[in-house]
Amino acid sequence: MRYWLMKSEPEEFSIDDLARAPRRGSAWFGVRNYQARNFKRDQMHIGDRVLFYHSSCPEPGIAGLAEVCSEAYPDKTQFDPKSKYYDAKATHEVPRWVSVDVRFIKKTRLLPLAELREHRELAGMRLLARGNRLSITSVDPDEWKFITTRLLK
DNA sequence: GCCAACGTTGGC
DNA sequence: GCCAACGTTGGC
């Protein structure tokens, strides 16, 4: 089992939206970055744990916990000309982008980005790396443990 | 709104 | 395959 951090803009889809979604989960779609796509396609599996992160908002930070509840499958928005995620170069035969479904575990206190930066134990987090923009990053088991048992208790 | 950092595109 | 131009991300 792996651990991940996934960014979402709360105005688009927040931890509260995830909490209200059906138990079977919500499709995580619209990511148009190859590295993030490859993570979903090749490394994410049912049962993986997720730090749900709010980005591009007044208080960026970790807002809750979730889990992956599907394997990767084609992101249907890539085929929809009306979607802002439409990709003219994607076909049903050769899809370019994938989704995974994610299910709510719990809401936590908002753990701000600035607080994450204060801890030496988290200095290696990809999220905190200079210039990082990836919307999905992996989280080490030690980092996961530190965050969930020390900072979110 | 600014701007640093990064990814993608496309001409050559 | 290089690289300049452009677009996007996202914290501040």
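Just so it is clear: chains get the letters A, B, ... in the order the sequence lines come, proteins before strands, and each one is counted from 1. Treat the numbers as computed from the prediction; the structure is a model and nothing was measured.
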Show the atom names and distances, to 0.1 Å, of all donor-acceptor pairs under 3.5 Å that link a side chain in residues 5-22 of chain A to residues at least two apart or in another chain.
{"unit_1": "A/Lys7", "atom_1": "NZ", "unit_2": "A/Leu134", "atom_2": "O", "d": "3.3"}
{"unit_1": "A/Ser8", "atom_1": "OG", "unit_2": "A/Phe13", "atom_2": "O", "d": "2.6"}
{"unit_1": "A/Ser14", "atom_1": "OG", "unit_2": "A/Asp16", "atom_2": "N", "d": "3.2"}
{"unit_1": "A/Ser14", "atom_1": "OG", "unit_2": "A/Asp17", "atom_2": "N", "d": "3.2"}
{"unit_1": "A/Ser14", "atom_1": "OG", "unit_2": "A/Asp17", "atom_2": "OD2", "d": "3.3"}
{"unit_1": "A/Asp16", "atom_1": "OD1", "unit_2": "A/Lys107", "atom_2": "NZ", "d": "2.9"}
{"unit_1": "A/Asp16", "atom_1": "OD2", "unit_2": "A/Lys107", "atom_2": "NZ", "d": "3.4"}
{"unit_1": "A/Asp17", "atom_1": "OD1", "unit_2": "A/Arg20", "atom_2": "NH2", "d": "2.7"}
{"unit_1": "A/Asp17", "atom_1": "OD2", "unit_2": "A/Ser14", "atom_2": "N", "d": "2.8"}

Next on the checklist: Suppose the criterion is ring-ring contact (aromatic ring centres under 6.0 Å, His included): which pairs have a residue in residues 98-137 of chain A, not counting sequence neighbours?
Outcome noted: A/His119-A/Phe146
Checklist entry - Using a side-chain heavy atom cutoff under 4.5 Å and only I, L, V, M, F, W and Y, what cluster partners does A/Tyr73 have? => result none
Checklist outcome for this item: Apart from A/Tyr86 itself, its cluster of hydrophobic side chains linked below 4.5 Å comprises none
Checklist outcome for this item: Letter by letter from the 5' end, nucleotides 6-12 of chain C scores (B base, S sugar-phosphate only, - none; protein heavy atoms under 4.0 Å) -BBBBS-
Item to check | Residue whose nearest DNA chain B nucleotide is more 5′ - A/Arg96 or A/Gly131 | outcome: A/Gly131
Item to check | Pairs flagged by side-chain hydrogen bond (donor to acceptor under 3.5 Å, both in side chains) wherever residues 36-47 of chain A is involved - sequence neighbours left out | outcome: A/Asn38-A/Arg41, A/His45-A/Glu71
